[in-house]
Amino acid sequence: MSGFGAFLLRRALGAVITLLAVSVIVYVVFYATPGNVAQITCGPRCSPEQVHQVARQLNLDDPLHLRYWHFLQGLFTGRDFSTGTSVEHCTAPCLGQSYQSGRQVLDIIASRLPVSLSLVLGAMVVWLVLGVGTGVLSAWRRGRLSERVLTAVTLAGTATPVFVIGLVLMIVVCGELQLLPFPQYVNLTDDPEQWAWNLLLPWLSLALIEAAAFARLTRAAMLETLAEDHIRTFRAYGVGERAVVGRHALRGALAPVIALNANNVGSAVGGAVLTETLFGLPGIGQELVHAVKVVDLPVVVGMVLVIGFFVVLANAVADVLYAVADRRVVLA
C-alpha cells in the first residue's frame, strides 16, 4: 500500500475508534446516572405502567455493559420496541425512539439535519472567504493604516455576540432597507434561489464572528510564513509579491486554518442554537434544546452522537487536507 493509502487507512481506523469511544462515554453519562433512568427517559408525565414499559425496553435489569451492547447492536442491526400491544421494529442505524412524540430518533434527526447543514456549510464558505482574505490582506499590508483598520474590525467582530449581529442585520437589512425578506427556511430542492436568499442573513450572522477568528489566525500564520527562508529566496529570485503571498506563503499558513475550520464545522452543527432560534430555523440545535427541556433522553443521546460524528468526521477530513497541503504529514 502506498504511503498516502496507509495514511488514509490509519485515519479511518482512528475515526472509527474515536466514534466508539464517544458512544461509550455518551451512553454511560446518560444511562448510568443516579436515579430512575426509566422515569427520566420517559418523562415526568408518564404513568407507572409507561415507566415499567420503558424499563423493559431499555433492559434496565441487565448489567450496564450488556445494555450498551444491545444499544450498539441497534446501530448496526436494528432493534424491536414494544408499544404494549404490538412490536415496532427500528431499522439500523437505530438511535432509539422518542417517548414524547413516538417517532424514531433517526427520523427526527433526518428532518432537522438538512437545515443545520445548510446553515453551517453556507456559513463556512462565508467565514473562510472573509476570514482568510482579511487575514492575508492584513499580513500583506502590515504596518499600514489598512492593516490597523482590519485588525480593529476583527477584534470588534470577535467581541460581538451572534444574536446582536443577527438582530442588527434583521433590523437594518430586512426592516429599514427591505433588501431581503425575513428569513424563512425553504428546502434547497424546492427553490434553490429562495433557499439561498432566506439563509443569507443567518449565514452572515454565524460567519462574521467566525471570520474574525480566522482573520486573526491567518494573519499570525502568514506573518510567520513570510519570515521564513524559502520566502526570502523566492523574493531574491524576482518572484512577484502577489505570487509569493498567494501561492507560497498562503499554502504554508493553511495548516492552522484547516484545524480551526474542522473544529468549527463539527461543533457548529449542534452549536448554532442561537442562530437557529433567532431566525426560527428548525435545525438540530433547536430540537436538541427542546429535547433537553422535556427530558426526552433518547433524542438527546441520538443527537449528541450525531453531533459527535460530525466533529470526528470534520477532523478526519482536516487530516486528509493536511496531507494534501503538506505531503510530509503522510509520514507522520
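In this structure, Glu276 CD and Leu206 CG are separated by 9.0 Å, a value rounded to the nearest 0.5 Å. With rounding to the nearest 0.5 angstrom, the OG1 atom of Thr77 is 9.0 Å from the CG atom of Leu72. The structure places OH of Tyr27 at 8.5 Å from NE2 of His70, a figure rounded to the nearest 0.5 Å. Interatomic distance, Leu167 CG to Ile171 CD1, rounded to the nearest 0.5 Å: 6.0 Å. Here the straight-line distance linking atom CD1 of Ile258 with atom CG of Asn315 works out to 12.0 Å at 0.5 Å rounding. Once rounded to the nearest 0.5 Å, the distance linking CG of Leu121 with CH2 of Trp203 reads 9.5 Å.
At a cut-off of 3.5 Å, with distance as the only test, no side-chain donor of Asn264 or Trp127 sits close to an acceptor on the other residue. No donor-acceptor contact under 3.5 angstrom links the side chains of Asn198 and Gln184, judged on distance only. Counted by atom type alone, Ser98 and Arg103 present zero donor-acceptor pairs between their side chains at under 3.5 Å.
At least one donor-acceptor pair under 3.5 Å links the side chain of His89 to the backbone N or O of Arg79. For Asn187 (side chain) and Thr189 (main-chain N/O), no donor-acceptor pair under 3.5 Å exists by modelled atom type. Of the possible polar contacts, none joining the Ser138 side chain to the Gly135 backbone as a donor-acceptor pair under 3.5 Å is found.
Taking 4.5 Å as the limit, some side-chain heavy atom of Met170 sits within range of a side-chain heavy atom of Leu278. Taking 4.5 Å as the limit, some side-chain heavy atom of Val173 sits within range of a side-chain heavy atom of Leu201. At a threshold of 4.5 Å between non-hydrogen side-chain atoms, the residues Val306 and Met303 do not count as touching. Contact check for Tyr185 versus Phe279: no side-chain heavy atoms found under the 4.5 Å cut-off. Contact check for Ile307 versus Leu288: side-chain heavy atoms found under the 4.5 Å cut-off. The shortest side-chain heavy-atom distance between Gln104 and Ile108 does not fall under the 4.5 Å cut-off. Counting only heavy atoms from C-beta outward, the side chains of Ile284 and Phe310 never approach each other to under 4.5 Å. Residues Val301 and Leu95 have side chains not in contact (no heavy-atom distance under 4.5 Å, counting atoms from C-beta outward).
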Yes or no on side chain to side chain contact (heavy atoms under 4.5 Å, CB included) for Leu180 and Trp197, after CA distance, side-chain angles and deciding distance? CA-CA 7 Å; Leu180 291 173; Trp197 277 113; 2.7 Å; yes

Quick one: do Val126 and Leu204 satisfy side chain to side chain contact (heavy atoms under 4.5 Å, CB included)? Show the steps, please. CA-CA 7 Å; Val126 177; Leu204 289 173; 4.1 Å; yes

Pair Ile109-Val299, side chain to side chain contact (heavy atoms under 4.5 Å, CB included): steps then yes or no: CA-CA 9 Å; Ile109 295 175; Val299 177; over 6 Å; no

After noting the C-alpha distance and the side-chain angles of Phe214 and Asn261, does the key distance pass the side chain to side chain contact (heavy atoms under 4.5 Å, CB included) rule? CA-CA 8 Å; Phe214 275 90; Asn261 191 60; 3.7 Å; yes

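A pairwise comparison of heavy atoms in Ala318 and Ala262 identifies CB-CB, 3.4 Å as the closest pair. Gly166 and Ser205 make their closest contact through CA-OG, 3.2 Å (heavy atoms, listed as atom of the first residue, atom of the second, distance). Here the shortest heavy-atom pairing between Pro202 and Pro183 reads CD-CG, 4.1 Å. Residues Leu20 and Tyr68 share a closest heavy-atom pair of O-OH, 3.7 Å. Pairing each heavy atom of Ala316 with each of Ala15, the nearest pair is CB-CB, 4.4 Å. Gly96 and Cys90 get closest at one heavy-atom pair: O-SG, 4.3 Å.
Residues Leu75 and Val24 share a hydrophobic cluster, clusters being chains of Ile/Leu/Val/Met/Phe/Trp/Tyr side chains in contact below 4.5 Å. Note: the hydrophobic cluster containing Leu281 also contains Leu274 (ILVMFWY, side chain heavy atoms under 4.5 Å, direct or indirect links). Hydrophobic clustering of Ile, Leu, Val, Met, Phe, Trp and Tyr side chains at less than 4.5 Å, counting indirect connections, unites Phe76 with Val26. Hydrophobic clustering (ILVMFWY, side-chain heavy atoms < 4.5 Å, transitive): Leu19 and Phe71 are in one cluster. Hydrophobic clustering (ILVMFWY, side-chain heavy atoms < 4.5 Å, transitive): Leu313 and Leu117 are in one cluster.
More than 12 heavy atoms of other shown residues, nucleotides or ligands fall within 6.0 angstrom of atom CZ in Arg112. For CD of Glu224, the number of neighbouring non-hydrogen atoms (other residues, nucleotides, ligands) closer than 6.0 Å is 12 at most.
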